[in-house]
Amino acid sequence: MQNEEDEEAELEVLAEFSHPVPWQKIEAQGLDLDYALLFSKEEADALFKQLEEEVMYSTGEEAKVQVFGKLHNIPRRQATYGDAGLRYTYSGRTHLACTWTPTLEYIRDAVTNATGHTFNFVLINRYRDGEDHIGEHRDDEKELDPVCPIASVSLGAARDFVLRHRDARGKRGARRLEPVKLQLAHGSLLLMNPPTNTFWYHSLPVRKKVRLPRINLTFRRILLISRGEEPANVWSL
DNA sequence: ACAAGTACACAAAA
DNA sequence: ATTTTGTGTACTTG
Ligand SMILES: [Mn+2]
C-alpha cells in the first residue's frame, strides 16, 4: 500500500513536469521573451504561503541605497539564495547567497524541468503592495552566464511589467520603439532570453490600486570565477 | 471639468 | 559610461 501511494505521487509529479508548458513567445528588435503559466492557482497559493514563512529578507543597511547623495529605503524587499558560498554583486553591493530552502529548490527544479536550463542562484524581490516598485534597469552583471536566460517566477498580486529599448529612452530617443508591456500573473514564468538584457531595460512601475504583495524570483546562472583570475575588464580599474 | 493615476525626463555622485 | 530613486510636470482616463 505504501508503495502504491509513492508511485502514484511520483507519477503525478512526472505528469506535471513532463507536459510541455504552453509558451507564449514575445519578440521585438533584440528582445526575446517566453511567457507561460507554470503553476496552477492552488499550487501557486501554497508556494506563496510557504515562501512567506521561509524567506528571510535583507534589513538595515542592506535595505538602503544612496542615490543623488540621499539615502533611501529600497522600495521593495530583497533576498539572495543559491549554491553554498555563491556571491553576487549588483547595485554596487556583494551579497552572499543563503542556502536553498526546500520550497526554493522545488520551484527551481520546476523551472529547470520546464526550460531545460539549470540555475545556481535566485534573487528574490518582494513588493509589499502597489507602491513598491523597481526602476528601469538591465540585468547585465558580468558574472551572469551570458547564454542562460533569466527565469522570473511571479507569485501573489499580478503586476505590470514594462520593457523599453535603450535607444528609445531620453528626450530625443534615437529610435521609435514602443515599450513592451505585459502583466505577470500569479504562478507565471517569464524567460528573458539573451540578448534581451543587452538592449532592453525593464521595470515594475507603481500601481496604486494594487494592495496585495507580490513575490518575484529571478533564477540565474552565475559563472564561477577561479581564484587568481584577472578581472575581465582591466580598463575600468 | 475635476481628480487620480500614469509616463518619463531628470536631479549627483560613485 | 552607467547606475540607483523620488519628484515635477505633462498627459490620460473615468
Ligand atoms: Mn531585473
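Naming: A, B, ... by sequence-line order, numbering from 1 per chain.
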Could you check how far CG of Asp139(A) sits from C1' of dT2(C), rounded to whole Å?
14 Å
Of the listed nucleotides (dT2(C), dA7(B), dT5(C)), which one gets closest to any side-chain atom of His72(A)?
dT5(C)
Categorize Asp160(A) for me: base, sugar-phosphate, or nothing, with a 4.0 angstrom heavy-atom threshold over every strand shown.
nothing
Distance in angstrom units between Leu204(A) CG and dG6(C) P, rounded
14 Å
Among dT6(B), dT2(C), dT5(C), find the nucleotide with the atom closest to the side chain of Lys209(A).
dT6(B)
Once you apply a heavy-atom cut-off of 4.0 Å, does Arg166(A) come out as touching a base, just sugar-phosphate, or nothing?
nothing
Describe the nucleic acid contact of Gly170(A) in one word from base, sugar-phosphate, nothing, applying a heavy-atom distance below 4.0 Å.
sugar-phosphate
I want to verify a distance call: between dC8(B), dT5(C), dT4(C), whose nearest atom is closest to the Arg164(A) side chain?
dC8(B)
Please test Thr118(A) against Asn120(A) for side-chain contact (heavy atoms from CB on, under 4.5 Å), starting from the C-alpha separation and ending with a verdict.
CA-CA 7 Å; Thr118(A) 59; Asn120(A) 58 10; over 6 Å; no
Scan every strand shown for a Watson-Crick or G-U wobble partner of dG8(C), both distances under 3.5 Å, and answer none if you come up empty.
dC8(B)
Suppose we call two aromatic rings close when their centres sit under 6.0 Å apart. Are His95(A) and Tyr90(A) close by that rule?
yes
Can you tell me if Arg93(A) touches the phosphate of dT4(C), counting only side-chain N or O atoms and a distance under 4.0 Å to OP1 or OP2?
no
If I take atom CZ in residue Arg159(A) and atom P in nucleotide dG5(B), what distance separates them, rounded to the nearest angstrom?
14 Å
Just how far, in rounded Å, is P of dA12(B) from NZ of Lys70(A)?
10 Å
Rounded to whole Å, the NZ-P distance (Lys64(A) to dT3(C)) equals 24 Å
Would you say a side-chain N or O of His137(A) is under 4.0 Å from OP1 or OP2 of dT5(C)?
no
One thing to verify: whether Glu136(A) and Arg169(A) come together as a salt bridge, which I'm taking to mean a side-chain N less than 4.0 angstrom from a carboxylate O.
yes
Write down the distance between CZ (Phe199(A)) and P (dT2(C)), rounded to a whole number of angstrom.
13 Å
So what does Lys181(A) touch, heavy atoms closer than 4.0 Å: a base, only the sugar-phosphate, or nothing?
sugar-phosphate
Regarding the side chain of Lys208(A), the nearest nucleotide among dT2(C), dG5(B), dT5(C) is dG5(B)
Between CD1 of Ile134(A) and C1' of dG6(C) the distance, given in whole Å, is 15 Å
With ring pair (Phe, Tyr, Trp, His ring centres under 6.0 Å) as the criterion, how do Phe161(A) and His202(A) come out once you've worked through the C-alpha distance, each side chain's angles and the decisive distance to 0.1 Å?
CA-CA 7 Å; Phe161(A) 185 73; His202(A) 56 271; 5.5 Å; yes
Quick one: is Arg76(A) getting a side-chain N or O under 4.0 Å of the dT5(C) phosphate, OP1 or OP2?
yes
Axial cation check for Trp200(A) ring with Arg166(A), 6.0 Å and 45° limits
no
Is the ring centre of His133(A) less than 6.0 Å from the ring centre of Tyr127(A)?
no
Closest nucleotide of DNA chain B for Gln66(A) versus for Val206(A): which of these residues is on the 5' side?
Val206(A)
Closest nucleotide among dT3(C), dT6(B), dT4(C) to the Phe68(A) side chain
dT4(C)
Under 4.0 angstrom between Tyr90(A) side-chain N/O and dT4(C) OP1 or OP2:
no
Nucleotide nearest Arg207(A) (side chain, heavy atoms from C-beta), chosen from dT6(B), dT3(C), dT5(C)
dT6(B)
How close or far is atom C1' of dT5(C) from atom CD of Gln78(A), stated in whole angstroms?
13 Å
